[in-house]
**Student:** 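This is the structure, below, for whatever I ask next.
Just so we're on the same page: letters track the sequence lines, and every chain starts at 1. Note that these values count all heavy atoms, side chains included, but never hydrogens, waters or copies made by symmetry.
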There are 2 protein chains.
Amino acid sequence: MSNQEIPRTRRRRGSDQPTLKEVAEAAGVSAITASRALNTPERVNETTRQRVLEAVERVGYVPNLVAGSLASARSRFIAVIVPSLSNTVFIEVIRGLQTTFEAHGYQILLGNTDYDIEREHRLVRTFLGWSCSALVTAGLRHTAACRDLLVNCDKPVVEVMELGEALDLNVGLDHREAGRCMARHLLERGYRRTVFVSVGTDRDYRAAMRYDGHREVLAAAGLDAPFIELDQPSGLDAGAAGLDRVRDAHPAAEVVHFANDDLAAGALLHAQRLGLRVPDDIAIAGFNGLPLGQHITPRLTTIRSPRETMGRRAAEQILRRLDDKRVSRRQLDVGFELLVGEST
Amino acid sequence: MSNQEIPRTRRRRGSDQPTLKEVAEAAGVSAITASRALNTPERVNETTRQRVLEAVERVGYVPNLVAGSLASARSRFIAVIVPSLSNTVFIEVIRGLQTTFEAHGYQILLGNTDYDIEREHRLVRTFLGWSCSALVTAGLRHTAACRDLLVNCDKPVVEVMELGEALDLNVGLDHREAGRCMARHLLERGYRRTVFVSVGTDRDYRAAMRYDGHREVLAAAGLDAPFIELDQPSGLDAGAAGLDRVRDAHPAAEVVHFANDDLAAGALLHAQRLGLRVPDDIAIAGFNGLPLGQHITPRLTTIRSPRETMGRRAAEQILRRLDDKRVSRRQLDVGFELLVGEST
DNA sequence: TAGAAATATGGTAGCGCTAACATGGTAGCG
DNA sequence: CGCTACCATGTTAGCGCTACCATATTTCTA
């Protein structure tokens, strides 16, 4: 029969980008040598390497990293999972991670949980599907299934922000102690009637931990520690509203301990507008140590958290682990610093 | 011979994670059916689909997205390239992109150029190597090689922030016009002696464009438009320093037009500390419309740029393009809004 | 100078998945 | 009833790269 079934090759090149094979042909070497010239240059002869690099230029080769990852079963991705991009705190941690990792040739895969641990779980699955080299996630609270994935994935996992019972590596600070620290400062200053103001402690549970520390210290001094939770997103507006709420519900309050500097600064600026004298009429304290607080008059008393450092340290721990140098301490306390301004 | 060369299969499973094949076996179907059950559920029988999903649960399958991308020649990555993570402006654009893309099942691959277009070029290469579905990059300035890559990659490319001669899609605002707008406002208010203060215009060239607009309007009114460039990173500190520089170099200045709100707010807070009356002793204007400016007394006159919206619009354009619905306008002006406070 | 060790390169076989084509069964229609 | 149309599923062949092993050549060592 003249019309035989020709099992014609089914070509389905993804694109018409040149491949490593074409580079190899252009350089007159095998594909594997071309691969080595690009990835482990010390394992090929210098002149060969030059020929390959030249061929890369000539044909306009862009390595297909997807194929490389599949073949080598590792990518150069670092999964970074944060609860929010609206909070400077996480941005700065990301910056620390990003700077360190990018310098070592790793890419950040950014995920945002919106404070939902189910979403965290889904993101972890996705990122593991990308064979990421390591994962960084904010906080110690996860769904059970997510914990399983993280424990069994056999990759470095860093939980950042707070300290505690971690899955693998842990870089953060002790929020309860930070709360205690500020409360002690307030007592030293002679304040007795405090109010702690926070937003959404179900989401920002670290704020709740700081409140716990605060309350503990006041309780030890035989004092009450009233608490107000605002039902709006954190920000300067919320801080202003918080101050109003305090003046309404606790007219005799001497000092307001805000869960973060955005709230505290909002309150401070609002106090200015209302013509209240800070700290004489009402004292104000915050948490985070944002630059803004140090520019307002009076300067805000707050606690500086080393956010960018936290990101850098986390990245360093991971890099060390990936280099297979054992990581000495699995838990790293980055500490904090009380900044005393004139607002208390 | 009893000791034949057994060409033993060299197994080199990347991990001991279950694969789709194992899921398929557990469900009693072929691999491709399992694949379809997960990716195109409408193409399999409902009961089959259920069996597959159940098998996925049972064996604890996590899809290998790297393999999937290689086979299908597309990933669900969107490359996002920004010059800095220290600037709220880019963060908010990223937030807009992130929210929209994550809702459609795309992952953000984040790159930071640190205002270096060579680094941008390298990032573009890397991201193309990951078969990203689309690229978003800040600004219209690229190296020639980078332009080539972007033009020839046959993927949606959006240049955000400013408007102009774009490679593909373009979402942004007219910075020169924003500069003009503020300058006109200042003239209307009766100010004649202005100073424009900026930082690193070689990097933040959009600030330079705003200055161009500012100068143009003043020149049309026959007025000089002195300019001061600070050599420190933008921030409240720099704003304070900027105000000092102006008072030193231009003691008769009536108004300072700052390149952004961080600088302007820093100056405003510094003026408070110095006991200067704003706007009577010196008026202050900014750009961006950050919340901070609206909380300071007097409120900052500034221009609100729709940053998160810019990200969202860019994402929508890309999604439409990926769905192959032709995108009507390739250039999208998101506009801006003059916010008049009491600082001018 | 033989033998070991190091260096440089190549051939082959996958990595885990999906596109393309093939097949068998059921429904629709004149 | 024969035809097409469609649906559900399977078979095969890659996607582009690198791990693993093998081989050839050079250098070093005893």
Side-chain angles (χ1 to χ4, degrees), chain A residues 5-25 27-52 56 59 61-76 126 128-131, chain B residues 5-25 27-52 56 59 61-76 126 128-131:
Chain A
E5 273 304 312
I6 302 158
R8 59 199 179 292
T9 340
R10 316 175 207 159
R11 308 245 86 226
R12 56 183 182 88
R13 286 285 308 283
S15 63
D16 37 15
Q17 290 289 319
T19 70
L20 190 60
K21 201 166 148 192
E22 290 162 52
V23 172
E25 276 161 19
V29 296
S30 71
I32 188 74
T33 302
S35 168
R36 282 197 276 251
L38 296 174
N39 298 316
T40 50
E42 70 282 4
R43 310 183 112 266
V44 289
N45 188 290
E46 178 57 23
T47 56
T48 315
R49 195 175 73 86
Q50 287 302 340
R51 272 218 317 274
V52 172
V56 165
V59 305
Y61 174 66
V62 178
N64 184 328
L65 301 173
V66 178
S69 294
L70 179 59
S72 65
R74 57 196 153 65
S75 73
R76 291 185 73 84
T126 306
L128 287 176
W130 283 110
S131 313
Chain B
E5 274 303 313
I6 302 158
R8 60 201 178 291
T9 341
R10 315 176 210 156
R11 307 244 86 225
R12 55 184 180 88
R13 289 284 307 282
S15 63
D16 37 16
Q17 291 289 319
T19 69
L20 189 60
K21 201 166 149 192
E22 290 163 53
V23 171
E25 277 162 18
V29 296
S30 71
I32 190 73
T33 303
S35 168
R36 284 196 273 249
L38 296 175
N39 298 317
T40 49
E42 71 281 6
R43 310 183 112 265
V44 286
N45 187 291
E46 178 57 22
T47 57
T48 315
R49 195 176 74 85
Q50 287 301 339
R51 272 219 315 274
V52 171
V56 164
V59 305
Y61 173 67
V62 178
N64 184 329
L65 302 173
V66 178
S69 293
L70 179 59
S72 65
R74 56 195 154 66
S75 74
R76 291 185 73 84
T126 306
L128 287 176
W130 282 110
S131 314

**Student:** Using every non-hydrogen atom in the two residues, find where A24(B) and A34(B) come nearest and quote the distance to one decimal.
**Tutor:**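 Nearest pair, atom of A24(B) first, then A34(B): CB-CB, 4.1 Å.
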**Student:** Stem list for DNA chain C, please, built from Watson-Crick and G-U wobble pairs under 3.5 Å and keeping only runs of at least 3.
**Tutor:**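 If one scans DNA chain C for consecutive Watson-Crick or G-U pairs, the stems found are C:1-30 with D:1-30.
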**Student:** Given atom CZ of R36(B) and atom C1' of dC7(D), what is their separation to the nearest angstrom?
**Tutor:**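 Answer to the nearest Å: 11 Å.
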**Student:** What are the two closest non-hydrogen atoms of P41(A) and R49(A), and how far apart are they?
**Tutor:**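 Looking at all heavy atoms of both residues, the shortest contact is CB-CD, 3.5 Å.
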**Student:** Side chain of A31(B) only, please: which of dT9(D), dC17(D), dT18(C) is the nearest?
**Tutor:**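 Taking heavy atoms from C-beta onward, the closest nucleotide is dT18(C).
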**Student:** Please list, by residue number, the residues of residues 37-47 of chain A whose heavy atoms come closer than 4.0 Å to an atom of DNA chain C; answer none if no residue qualifies.
**Tutor:**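 Close to the strand are R43(A), V44(A), N45(A).
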**Student:** Please pick, from dG10(D), dG16(C), dC17(D), the nucleotide with the shortest atom-to-atom distance to any side-chain atom of V29(B).
**Tutor:**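 The answer is dG10(D).
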**Student:** Could you state the NZ-P distance from K21(B) to dT18(C), rounded to the nearest angstrom?
**Tutor:**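 Rounded to the whole Å, the gap is 15 Å.
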**Student:** Determine whether T19(A) and N64(A) satisfy the following criterion, side chain to side chain contact (heavy atoms under 4.5 Å, CB included), listing intermediate values before the conclusion.
**Tutor:** CA-CA 8 Å; T19(A) 70; N64(A) 184 328; over 6 Å; no
**Student:** Atom CG of L70(B) and atom P of dT18(C): how far apart are they, to the nearest Å?
**Tutor:**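 The distance from CG of L70(B) to P of dT18(C) comes to 11 Å, rounded to the nearest Å.
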**Student:** Could you check how far CG of L128(A) sits from C1' of dG16(C), rounded to whole Å?
**Tutor:**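 Answer to the nearest Å: 16 Å.
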**Student:** Hey, is the side chain of S35(A) poking within less than 4.0 Å of OP1 or OP2 on dC17(D), counting only N and O atoms?
**Tutor:**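 S35(A) to dC17(D) OP1/OP2: no side-chain N or O under 4.0 Å.
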**Student:** Tell me whether the OP1 or OP2 atom of dT9(D) has a side-chain N or O from S30(B) closer than 4.0 Å.
**Tutor:**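 The answer is no; no side-chain N or O of S30(B) sits under 4.0 Å from OP1 or OP2.
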**Student:** Could you state the CD-C1' distance from E25(B) to dG10(D), rounded to the nearest angstrom?
**Tutor:**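 In whole Å, dG10(D) C1' and E25(B) CD are 15 Å from each other.
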**Student:** Which nucleotide, dA19(D), dC17(D), dC17(C), lies nearest any side-chain atom of S72(A)?
**Tutor:**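 The nucleotide sitting nearest to the side chain is dA19(D).
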**Student:** Would you indicate which nucleotide in dG16(C), dT18(D), dA19(D) comes nearest to any side-chain atom of A71(A)?
**Tutor:**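 Looking only at side-chain atoms, A71(A) lies closest to dT18(D).
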**Student:** Which nucleotide in the set dT9(C), dA20(C), dG16(C) lies at the smallest distance from any side-chain heavy atom of I32(B)?
**Tutor:**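 It is dA20(C).
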**Student:** Please determine, for the side chain of A67(B), which listed nucleotide (dT9(D), dC20(D), dG16(C)) has the closest atom?
**Tutor:**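 When the side chain of A67(B) is considered, dG16(C) is the closest of dT9(D), dC20(D), dG16(C).
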**Student:** So with a 6.0 Å cut-off around CZ of R74(B), is the heavy-atom count from everything else above 12?
**Tutor:**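 No - once you tally the heavy atoms of other residues, nucleotides and ligands closer than 6.0 Å, there are 12 at most.
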**Student:** Hey, does the side chain of T19(A) come within less than 4.0 Å of dC15(D)'s phosphate (OP1/OP2), counting only N and O?
**Tutor:**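 Negative; the distance criterion is not met.
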